[in-house]
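Notes to accompany the following structure.
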Amino acid sequence: MNTIISPQEWPEPIVRVQSLSQTCTDSIPERYIKPLSDRPSSEADHVVDANIPIIDLSGLYGDPDARASTLRQISEACNEWGFFQIVNHGVSHELMDMARETWRQFFRLPLEVKQKYANSPKTYEGYGSRLGVEKGAILDWSDYYYLHYLPFSLKDHNKWPAHPPSCREVCDEYGRELVKLCGRLMKVLSINLGLEEDFLQKSFGGEDIGACLRVNFYPKCPRPELTLGLSSHSDPGGMTLLLSDDQVPGLQVRKGHNWITVKPVPHAFIVNIGDQIQVVSNANYKSVEHRVVVNSNKERVSLAFFYNPKSNIPIGPAKELVKPDKPALYTAMTFDEYRLFIRLRGPCGKSHVEALKSP
Ligand code: OGA
Ligand code: NI
């Protein structure tokens with residue numbers, strides 16, 4: 001039994017990166033300067049010009065050939081990349097634009113208004129500026145807002161912004177649509193893994209899955225080459241749907257020793273496999289490291305929607321995917337226990353899921 005619990009308070013006073021961005025014009029505080037090997041232009045890794053696969057989901061509802069071809073494209077993207085963009089996904093473009101715009105407006109509000117929602121490491125809900133609670137840690141150049149949709153018992157409108165006035169309503173609608181879309185993708189992934197179509201959903205707790213939103217705000221940075229907007233990490237949950245800024249790229253995905261800068265397609269969602277699907281699929285699918293770089297002349301907003309297992313059931317490799325030549329690679333753990341890693345230590349590549357490996 002894991003007895004570590006999240007601390008109630010941050011180890012140091014919180015500084016909003018947005019306010020640093022307004023006061024620092026030609027340098028950044030040391031706390032944000034990454035070691036050489038982690039900087040965007042590190043010698044060890046190269047940024048290459050490529051893009052992750054773009055998949056048209058309308059084929060899923062077309063004739064059998066179109067459906068088979070779409071399933072195959074998703075299967076390849078999961079195997080090869082762990083990351084892909086989807087278009088014709090069924091979510092209204094207007095809703096996507098409204099959701100992003102609502103959050104842009106929220107981050108433009110005066111600091112005092114946003115401070116009312118200041119979060120703590122206990123639940124992370126609200127307005128935040130760091131992940132992890134290690135004193136003296138090097139921080140990322142971003143602020144964020146984190147809120148829960150599901151389970152319903154955790155959803156609390158009082159912890160969502162009251163301004164702009166449309167925020168709660170738009171976020172509600174956005175969450176409902178994305179839960180549905182993730183449900184459809186979970187079926188596709190189950191089928192592609194050779195499982196019953198409701199397998200992944202059931203192993204995540206059926207109706208009782210978790211869903212939450214982190215809105216990332218990356219202010220302008222006078223020295224973008226020295227820092228990161230979000231350090232390299234894999235997403236701890238099941239699956240992520242990212243709505244990127246439509247104007248400003250920044251997300252980079254690891255492919256071997258290279259980093260690929262994602263070129264967002266207008267009104268696409270960027271889908272990625274999280275650690276929990278890696279575990280259930282017994283590493284048939286792998287979560288992939290990604291990070292965010294920042295810019296000197298442009299701020300950036302992104303909405304990351306996380307679809308997660310029910311938090312208190314053990315998540316381990318599916319029996320169906322454990323074979324004599326492929327034994328269970330991971331020890332089962334609840335998502336509540338699992339996410340303590342990232343909540344305490346902040347983003348650290350794929351070290352969390354690696355630590356789950358069976359002895
Ligand atoms: C995340 C994430 C990427 C981005 O929130 O987990 O990876 O582009 N965000 O903001
Ligand atoms: Ni991520």
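Residue numbers run from 1 in the order of the sequence given. Just so it is clear, the values below take in all heavy atoms, side chains as well, and ignore hydrogens, waters and symmetry mates. Not measured: the values here are computed from a predicted model. Read the numbers this way: they start at 1 and go in the same order the structure lists the ligands and their atoms.
Checked by atom type and distance alone, the side chain of Arg300 never pairs as donor or acceptor with a backbone atom of Gln247 at under 3.5 Å.
The pair Lys310-Asp336 fails the salt-bridge criterion, with no side-chain N (NZ, NE, NH1 or NH2) lying under 4.0 Å from an Asp/Glu carboxylate O. Salt-bridge annotation for Arg130 and Glu12: present, with a side-chain N of the basic residue lying under 4.0 Å from a carboxylate O of the acidic one. Salt-bridge check for Lys159 with Glu125: passed, with a basic side-chain N closer than 4.0 Å to an acidic carboxylate O. Taking the charged nitrogens against the carboxylate oxygens, Arg100 and Asp246 do have a contact shorter than 4.0 Å, which makes a salt bridge. A salt bridge is defined here as a Lys NZ or Arg NE, NH1 or NH2 lying under 4.0 Å from an Asp or Glu carboxylate O, and Glu289 with Arg291 fails to meet this definition.
Of all N/O/S atoms in Asp235, OD1 sits nearest the Ni ion (ligand 2).
The shortest contact between atom 1 (C) of ligand 1 and any protein heavy atom is with Arg214 NH2, 3.1 Å. Summary of contacts: the protein heavy atom closest to atom 2 (C) of ligand 1 is Leu230 CD2, 3.5 Å. In terms of protein heavy atoms, atom 9 (N) of ligand 1 is closest to Asn216 ND2, 3.6 Å.
Near Leu251, the atoms of ligand 1 lying under 4.0 angstrom from a non-hydrogen atom of the residue are 3 (C), 8 (O). In the vicinity of Arg300, heavy-atom distances shorter than 4.0 Å reach the ligand 1 atoms 4 (C), 8 (O), 10 (O). Ligand 1 places these atoms under 4.0 Å from at least one heavy atom of Ala304: 5 (O). Atoms of ligand 1 lying under 4.0 Å from at least one heavy atom of Phe306, given by number and element, are 5 (O), 6 (O).
At least one heavy atom of His233 lies less than 4.0 angstrom from ligand 1. Within the 4.0 Å heavy-atom shell around ligand 1 one does not find Tyr144.
Arg214 is listed as a side-chain neighbour of Leu131, based on a closest heavy-atom distance under 4.5 Å.
Within 6.0 Å of CZ on Arg168 lie more than 12 heavy atoms contributed by other residues, nucleotides or ligands.
Distances from atom 3 (C) of ligand 1 to the heavy atoms of Val292, Val248, Ile270 show the closest one on Val292.
For His233 atom NE2 and His290 atom NE2, the angle they make at the Ni ion (ligand 2) is roughly 90°, to 10 degrees.
Looking only at atom types and distance, the side chain of Asn79 has no donor-acceptor partner in the side chain of Tyr285 under 3.5 Å away.
Contact annotation for Leu242 and ligand 1: only side-chain heavy atoms (C-beta onward) come within less than 4.0 Å of the ligand.
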